[in-house]
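All heavy atoms count here, side chains included; hydrogens, waters and symmetry mates do not. Numbering of ligands and ligand atoms starts at 1, following listing order. What you are looking at is a predicted structure, and each value in this text was computed from that prediction instead of being measured.
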Amino acid sequence: MGDMGRIPVGIVGASGYGGVQLVRLLMDHPRLELAYLGGESSAGKAFAELYPHLGHRVQQIIEPLDLEKIADRCQVVFLSLPNGLAYKMAPTLLEKGCKVLDLSADYRFSDLSTYTAWYGGDRDDQAIAETAVYGLPELYRDRIAEAQLVGCPGCYPTASLLGLSPLLKQGLVVPETAIIDAKSGTSGGGRQAKVGMLLAEADNTFAAYNVAGRHRHTPEIEQVCSDLAGHEVLIQFTPHLVPMVRGILATIYANLRDPGLVREDLLTIYNAFYRNAPWVRVLPSGTYPQTKWAAGTNLCYIGLEVDPRTDRVIVMSAIDNLMKGQAGQAIQCLNIMMGWDETLGLPQLAFYP
Ligand SMILES: NC(=O)C1=CN([C@@H]2O[C@H](COP(=O)(O)OP(=O)(O)OC[C@H]3O[C@@H](n4cnc5c(N)ncnc54)[C@H](OP(=O)(O)O)[C@@H]3O)[C@@H](O)[C@H]2O)C=CC1
Ligand SMILES: CC(=O)N[C@@H](CCC(=O)OP(=O)(O)O)C(=O)O
């Protein structure tokens, strides 16, 4: 235990977008303290050299990877790394008693053959993967509370699943008719330099990518939808890149089983479903979410409509991809794992008015 009863925490991948969000959140968390910052190409640099605006609060140097040292110093470790690295690091940390929260895809799949089909690699750690809990608290809160290893969801799956879950759980729509049309800001692609993310390339343009089941978040969304529906479900998911930095808006369409249902019926059902979920705000009738309301917060805003001409429900779900879609949700999960209030240390006020 660190000073004043705070829990010492390490972040591997501290220089990336997920890493810096975690640092920002940990600085103001009343029960956690930063005990280790790790990176690869940034190792040896002061964190303040990369993020000078946080330099008055964070004096640490980013250190090279040393799992034994991390485990000696930390009770909790966040792995915020490119896919395919966490599963090589987590076993040592777990063996030494650390709680591990992985922000990559390595521990999101209960069946590793799905992971390797989409992410490649050769994994033989099915037994460890099976101990991991999918870190979407609104669906798996009780299991997260008992977990030592959490696989935090992707940003698109978070927005999509929070929008779709009440409908699937209650059997209100035909699951196979669900279409998720989602748009993300560029920070979803991480901090690595990529030509498509240059301002000159990404500004003033709006386009779909990885269409027709080609995005790796498709199987992640389908895994949870199948769990909720009680049978295997295929979902149409189309991601888009929009010229903004933060935020995801998922617009979801599905055919209602009962065409007599109206908007108010569904809003009542959504409000009941999320009544104990402090990070989900179901909007009043006729109000649709905007990404800027969620920016910088751990909130998910949900609005919905029913189209009586087509008997479809249309659900809109907005999050900040770096917060509820990544680092904020990881802290929410840790709060639950520690038995604390799940809102502890997480911002509710958006960056914008
Ligand atoms: N951006 C988003 O909206 C979301 C991202 N995610 C996932 O979270 C994870 C992190 O994403 P993001 O923060 O965007 O990524 P970034 O590209 O911004 O950062 C990646 C980090 O990984 C570090 N790293 C890379 N290789 C190694 C290594 N071998 N050993 C130690 N550190 C290493 C880098 O360190 P260095 O700079 O020192 O080389 C850097 O700190 C990814 O798996 C991503 O898919 C999940 C949800 C949303
Ligand atoms: C805009 C953008 O590029 N977004 C990323 C998704 C980021 C994410 O959540 O990635 P992981 O599932 O790997 O954690 C993409 O489409 O690849």
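With respect to atom 5 (C) of ligand 1, the closest heavy atom belonging to the protein is Gln326 NE2, 3.1 Å. The protein heavy atom nearest to atom 37 (O) of ligand 1 is Ser15 OG, 2.6 Å. Protein heavy atom in closest approach to atom 24 (N) of ligand 1: Leu81 CD2, 3.6 Å.
Listed by atom number, the atoms of ligand 1 under 4.0 Å from Leu322 heavy atoms are 1 (N), 2 (C), 3 (O). Distances below 4.0 Å separate heavy atoms of Leu85 from the following atoms of ligand 1: 26 (N), 27 (C), 28 (C), 29 (N). Residue Gly13 approaches ligand 1 through these ligand atoms, each under 4.0 Å from one of its heavy atoms: 21 (C), 22 (O), 23 (C), 41 (O). The ligand atoms of ligand 1 that sit less than 4.0 angstrom from a heavy atom of Gly190 are 14 (O), 18 (O).
Within the 4.0 Å heavy-atom criterion, the part of Met197 lying near ligand 2 is the side chain and not the backbone. With a 4.0 Å heavy-atom cut-off, ligand 2 is reached by the side chain of Arg108 but not by its N, CA, C or O. Residue contacts with ligand 2 for Ser184 involve side-chain atoms from C-beta outward but no N, CA, C or O (heavy atoms, distance under 4.0 Å).
Under the 4.0 Å distance rule, the nearest protein heavy atom to atom 44 (C) of ligand 1 falls outside the cut-off.
Put simply, the residue from Tyr119, Tyr87, Tyr115 that forms a side chain to side chain donor-acceptor pair (under 3.5 Å) with Asp106 is Tyr115.
The closest approach between a heavy atom of Arg216 and any atom of ligand 2 is below 4.0 Å. Within the structure, ligand 2 lacks Ser187 among the residues with a heavy atom less than 4.0 angstrom away. The closest approach between Gln326 and ligand 2 stays at or above 4.0 Å for every heavy atom of the residue.
Comparing Ser80, Gly154, Gly188 by heavy-atom distance to atom 6 (C) of ligand 2, the nearest is Gly188.
Of the N or O atoms in His217, one or more lie within a sub-3.5 Å distance of an N or O in ligand 2.
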Test salt bridge (Lys or Arg N to Asp or Glu O under 4.0 Å) applied to Asp28 and Arg57, step by step:
CA-CA 10 Å; Asp28 284 336; Arg57 300 276 301 275; 3.2 Å; yes
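No side-chain heavy atom of Arg24 sits less than 4.5 Å from a side-chain heavy atom of Tyr51. Side-chain contact between His215 and Tyr209 is present, with at least one heavy-atom pair separated by less than 4.5 Å.
The distance from the CG atom of Leu26 to the CD1 atom of Ile331 is 4.5 Å, given to the nearest 0.5 Å.
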